[in-house]
Protein chains: 2
Amino acid sequence: MLDLVQDAIPRPYHHGDLRAALVRAGVELAREGGLAALTLRAATRRAGVSAGAAYRHFTSHEDLTFAVGAVALSDMARSIERRQAEVVSGNDLERALAMLRAVGLGYIDYALDDPGNFEVAMFGLFTLAHTSLEPARGDRGLTPYELLVDAVTHLVALDVLKAEQSFTVAITCWSTVHGFATLATRGPLRELPREALDEQADDVVRTLVAGLLP
Amino acid sequence: MLDLVQDAIPRPYHHGDLRAALVRAGVELAREGGLAALTLRAATRRAGVSAGAAYRHFTSHEDLTFAVGAVALSDMARSIERRQAEVVSGNDLERALAMLRAVGLGYIDYALDDPGNFEVAMFGLFTLAHTSLEPARGDRGLTPYELLVDAVTHLVALDVLKAEQSFTVAITCWSTVHGFATLATRGPLRELPREALDEQADDVVRTLVAGLLP
DNA sequence: CCTAGATGTGGACAGTGTTCACATTGCGTG
DNA sequence: CACGCAATGTGAACACTGTCCACATCTAGG
């Protein structure tokens, strides 16, 4: 597998925007081969730069991985927003439920569309208390988790959930959707064709959300 | 961190049961440091043997990892069986529901008790179509997934679920429980104390199972 | 213009998985 | 019982990884 030489003309000594180039290369690598392929040296190779140069912009391999994961999380937020934009019909309650389902379906969409970067995003989200990092947001300015909390809060406002249930409900939703995404991308469902997975995702999310109501 | 020298007396040239020793060492390594710590060289070091020796018993690092994961899956099955053994009171339906919850709670118990080996088990379960490997079973002779299917089948027999729902229900349960285990061991819940996690797990599983009924 | 700080280089080091020729040993066959 | 073969373990190599270092090169501000 040859890396395409993106810069046939010899680059000047200073790259100009190496940080962004490394993140871009990292996203490509993750898309092609998942977390395992997201190697610091491979990213520098792709940017046409020596391995050590990465350390002028990232403190470690993990640090680069987090940066790639942040891009992935933004993309996931946008994927959720896309699903939510389709929710238009129905009364208040129906719309609120559809918005919650859209969070889950957008999450799963992203995982199925780009399993490699989904893996990287979860590594970043999970591996560290990344309180120091600026969280990755979508076009509405919310992280995926905030979009989830927002949808749950609407259900509380409609009196269909009690406020003290919010946290458990949010965690239950996240668990289910994350678990399904994992089973579907790396687990026992990974051989199923995309349409079957979409259908199954719809069933699972529908079952889940229906079960939250009294 | 020093490896304890388990064989002060110089071992004879042939180890005797190196395969089992490597798996045992692998389980320890995973318990101490998760999947990342489960290194082929570290396992051979712990067994007091050269790195190459491992290749007489495993075709690759991945192969050793699968073997460790199989042990972990057996332990998980036993963890589920332990929870199910506590289910005694109530009528048929109540007991059947409690048995299904016990699958989830035993799954989560295992993940919380030994997050490192849980990670290894999932790597093995998920990474490969391991049709060639003998699946890891608990004392009842069932794999964790079979225990889940068994519990769902009982609900079908009691006419509380339709047969054609079985697959979706099983996948929904697995998704939720797996997702929760991931959030709790490596995700945003990992700082919570154990009792809080147990309580949260109970809530999530109860919410989930309650939602499956019409 | 010219120097200080930022950025990239090349080479090193330790650690990893993997392979290979070779050493050692246990065991079944004569 | 002896012998030889197959199984098992060794040590050194290779390519790859992350990480660090002295050094080279460039950019920007006084």
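These numbers were taken from a predicted model, which means no experiment stands behind them. A, B, ... follow the sequence lines: proteins, then strands. Residue 1 opens every chain.
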Take the protein atom [atom1] of [X] and the nucleotide atom [atom2] of [N], then report the distance between them rounded to whole Å.
X       : N      : atom1 : atom2 : result
A/Phe58 : C/dT7  : CZ    : C1'   : 14 Å
A/Phe66 : D/dG18 : CZ    : P     : 14 Å
A/Leu18 : C/dT9  : CG    : C1'   : 13 Å
B/Arg46 : C/dT16 : CZ    : C1'   : 17 Å
A/Arg19 : C/dT7  : CZ    : P     : 11 Å
B/Arg45 : D/dG9  : CZ    : P     : 18 Å

Distances for protein N or O near nucleotides 19-22 of chain D N or O, under 3.5 Å:
{"residue": "D/dT19", "atom": "OP2", "partner": "A/Tyr55", "partner atom": "OH", "Å": "2.8"}
{"residue": "D/dT19", "atom": "OP2", "partner": "A/His61", "partner atom": "N", "Å": "2.6"}
{"residue": "D/dT19", "atom": "O5'", "partner": "A/Tyr55", "partner atom": "OH", "Å": "3.1"}
{"residue": "D/dT19", "atom": "O4", "partner": "A/Arg41", "partner atom": "NH1", "Å": "3.2"}

Q) salt bridge (charged side-chain N to carboxylate O under 4.0 Å, His left out): which pairs involve residues 143-153 of chain B, sequence neighbours left out? A) B/Arg137-B/Glu146, B/Arg140-B/Asp150
Q) When the ring planes of A/His178 and A/Phe118 are compared, do they come out parallel, tilted or perpendicular, using 30° and 60° as the limits? A) tilted
Q.
Which nucleotide wins on minimum distance to the side chain of B/Thr39, given the candidates D/dT10, C/dG10, C/dT16?
A. C/dT16
Q. Under 4.0 Å between a side-chain N or O of B/His57 and OP1 or OP2 of D/dG9?
A. yes
Q. Quick one: ring pair (Phe, Tyr, Trp, His ring centres under 6.0 Å) partners of B/Phe167, sequence neighbours excluded?
A. none
Q: Not counting sequence neighbours, which residues clear ring pair (Phe, Tyr, Trp, His ring centres under 6.0 Å) with A/Tyr55? List them please.
A: none
Q. Who are the salt bridge (charged side-chain N to carboxylate O under 4.0 Å, His left out) partners of B/Arg78, not counting sequence neighbours?
A. B/Asp75, B/Asp139
Q. Can you list the residues that meet the salt bridge (charged side-chain N to carboxylate O under 4.0 Å, His left out) rule with A/Asp113, with sequence neighbours excluded?
A. A/Arg194
